[in-house]
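Just so we're on the same page: letters track the sequence lines, and every chain starts at 1. Only this structure's heavy atoms are used, side chains among them; waters, hydrogens and symmetry mates stay out.
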Amino acid sequence: MLQIANIRKNATEVAERLSIRGLDGKTLVANVLELDEKNRAKRTEMESLQSKGNQLTGQIGELYKSGQKEAGDALKLASAEIKEQLKTLEADVELGDQAMLQLLLTIPNTPSTEVPLGKTPDDNLEVSQWGSKPDLSSQSLPHWELAAKYDIIDFELGVKLTGAGFPVYKGKGAIFQRALIQFFLNEAGKAGYTEIQPPLLVNADSGYGTGQLPDKEGQMYHSTVDDLYLIPTAEVPITNLYRDVILNEGQLPIKNAGYTPCFRREAGSYGAHVRGLNRLHQFDKIEIVQIVKPENSYGVLEEMQTYVQGLLQKLGLHYRVLLLCGGDMGFTSAKTYDMEVWSAAQEKWLECSSVSNFETFQTNRLKCRFRNTEGKTELAHSLNGSALALPRIVAALLENNQTPDGIKVPEVLVPYTGFDMIN
RNA sequence: GGUGAGGUGGGUGAGUGGCUUAAACCACCAGUUUGCUAAACUGACGAACGGGAAACUGUUCCGGGGGUUCGAAUCCCCCCCUCACCGCCA
């Protein structure tokens with residue numbers, strides 16, 4: 001959620017930056033300012049009346065104490081009248097605040113000025129590519145066929161147990177998953193991230209804190225008896241660690257990493273492109289999260305982006321880096337890089353990581369602040385990225401590394417798997 | 001699930017109707033002293049929002065919501081959460 005004070009102060013800039021998303025920034029900002037002005041007028045009116053009432057009660061107290069009961073009783077009448085007037089005023093102010101909140105909730109984050117204009121994924125800017133397409137023989141198989149051939153992932157069994165999108169990993173397939181998780185966690189540790197094992201169920205407050213609620217309510221699995229939500233990403237618990245917190249400047253930057261299964265209902269997205277591991281209801285992901293000082297956040301975004309690339313390089317995967325355009329960026333992000341790995345048999349790019357700077361969009365909601373050098377509280381900036389999400393990495397590794405004798409395990413993973421070939 | 005206790009500022013924790021502009025201690029911050037660090041001393045120090053060029057000033061906030069009262073952290077009602085013990089159980 002954008003900060004109203006910031007919109008007021010930097011109206012033109014906010015409007016311009018919103019326009020990068022293809023929105024009518026000017027009108028949006030004008031609407032906010034108009035409502036804001038109305039609200040403030042009402043608030044001033046209410047507060048001065050409250051002040052008057054407070055003075056009165058003080059006087060009444062004095063009068064009673066000095067034994068002037070009748071004079072006190074007389075003032076009570078005036079006090080009662082003010083109280084009556086306040087009722088409607090307070091209700092008005094409350095309504096105004098609600099209206100403002102509702103309005104602000106509909107406005108996405110202001111893109112960084114470096115974000116390219118554009119509406120669709122076609123307008124994303126390809127920043128770089130690494131590696132090259134593997135040279136596979138003509139009989140290369142998609143990963144779901146490889147999974148069946150070597151009996152390492154069973155999609156049908158998952159359907160029996162739960163439903164589509166809940167695969168069962170078996171034997172070397174399960175070990176391979178575990179190896180990747182441990183590899184990613186160890187790498188994050190080496191890069192200075194503190195490992196976190198958070199709860200997989202969160203309450204509604206946490207959902208609101210990172211913005212999954214109320215907008216994406218339908219995307220989360222909800223246990224209604226206890227009113228808890230299965231996390232769609234570790235971002236939710238790990239970022240909410242800092243909800244309603246005032247940090248000391250010295251504690252920043254905070255760097256956390258966590259592995260969790262992620263649960264997504266993915267309501268409404270069915271079809272051919274969800275085949276195999278491409279889109280699941282439950283999958284494993286290692287997430288990295290940083291809470292930083294505002295002036296550092298864009299430098300940190302580059303650092304995180306580079307870190308994720310390093311993982312892909314160690315796995316020997318051909319990938320590209322996209323700078324998302326305004327229209328394709330998530331609602332809460334100010335700047336996002338997507339990493340896509342090449343899936344050799346499907347012959348397409350698969351998104352496997354998304355690294356974003358949210359500036360104060362999340363921390364405003366979370367009330368995550370730090371005390372700056374002047375001793376004043378200031379909203380921190382939050383960032384996160386997948387490092388990495390497993391399924392599409394697994395898909396790409398299976399497809400790209402297939403040989404007539406089996407699937408070669410990347411060298412960096414062998415210490416974790418204990419085998420160098422899936423066959 | 002049962003019974004009991006409790007939720008106060010960054011933390012510990014006092015506070016049973018107006019003197020609370022929330023004590024005290026700790027932490028954080030600034031300064032003094034000091035080879036450095038530490039310690040000691042001094043000072044400042046809750047948050048959010050509004051008004052003001054600024055100095056400054058107003059309002060709200062003691063888990064959440066309602067109520068009593070001229071006036072509520074304090075009294076009453078409902079809800080939520082935490083802790084302890086018991087029961088059940090990995």
Discussion item. At a heavy-atom distance below 4.0 Å, what parts of residues 46-61 of chain A sit against RNA chain B?
Written reply: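 Going residue by residue through residues 46-61 of chain A, the ones with a heavy atom under 4.0 Å of RNA chain B turn out to be A:E47, A:Q50, A:S51, A:N54, A:T57, A:I60, A:G61.
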Nearest-angstrom distance, [atom1] atom, [N] to [M]:
N: B:rA53; M: B:rU69; atom1: C1'; result: 43 Å
N: B:rU60; M: B:rU21; atom1: C1'; result: 14 Å
N: B:rG71; M: B:rU20; atom1: C1'; result: 14 Å
N: B:rA47; M: B:rG11; atom1: C1'; result: 16 Å
N: B:rG13; M: B:rC26; atom1: P; result: 16 Å
N: B:rG9; M: B:rG63; atom1: C1'; result: 14 Å
N: B:rG50; M: B:rG66; atom1: P; result: 23 Å
N: B:rC76; M: B:rG10; atom1: C1'; result: 33 Å

Any-strand Watson-Crick or G-U partner of [N], both distances under 3.5 Å:
N: B:rU59; result: B:rA48
N: B:rG35; result: none
N: B:rU16; result: none
N: B:rA72; result: none
N: B:rA30; result: B:rU42
N: B:rA54; result: none
N: B:rG4; result: B:rC83
N: B:rA22; result: none

Discussion item. Taking side chain to side chain donor-acceptor pair (under 3.5 Å) as the definition, give me every residue that meets it alongside A:Q309, ordered by chain and number, with sequence neighbours left out.
Written reply: A:Q305, A:Y319
Fill in: A:K293: partners by side chain to side chain donor-acceptor pair (under 3.5 Å), with sequence neighbours left out
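Partners of A:K293 under the side chain to side chain donor-acceptor pair (under 3.5 Å) test: A:E249.
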Is it true that [Y] and [X] share a donor-acceptor pair across their side chains at a distance under 3.5 Å?
X: A:S48; Y: A:S51; value: no
X: A:H222; Y: A:D227; value: yes
X: A:N203; Y: A:S206; value: yes

Discussion item. Can you list everything that forms a ring-ring contact (aromatic ring centres under 6.0 Å, His included) with A:F155? Sequence neighbours excluded, please.
Written reply: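 So A:F155 forms no ring-ring contact (aromatic ring centres under 6.0 Å, His included) with any residue.
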Discussion item. Using a 6.0 Å cut-off, check whether atom CD of A:Q251 has over 12 heavy atoms from anything other than its own residue.
Written reply: yes
Worksheet item: Take atom CD in A:E295; do more than 12 heavy atoms of anything else shown fall under 6.0 Å from it?
Response: yes
Worksheet item: Just the endpoints, please: which first and last nucleotides of RNA chain B, 5' to 3', lie under 4.0 Å from a heavy atom of chain A?
Response: B:rG10 to B:rG71
Discussion item. Here's a test of your reading of the structure: between A:A80 and A:I4, which maps to the more 5' nucleotide of RNA chain B?
Written reply: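 Result of the comparison: A:I4.
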Worksheet entry | 5′-ward residue of the pair A:R40/A:K76 relative to RNA chain B | A:R40
Practice prompt. Under the side chain to side chain contact (heavy atoms under 4.5 Å, CB included) rule, collect the residues that match up with A:T377, sequence neighbours excluded.
Written response: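 Only A:I246, A:R369, A:R371 meet the side chain to side chain contact (heavy atoms under 4.5 Å, CB included) criterion with A:T377.
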Item to complete: Would you give the length of the straight line joining atom SG of A:C368 to atom CD1 of A:I291, rounded to the nearest 0.5 angstrom?
Response: 4.5 Å
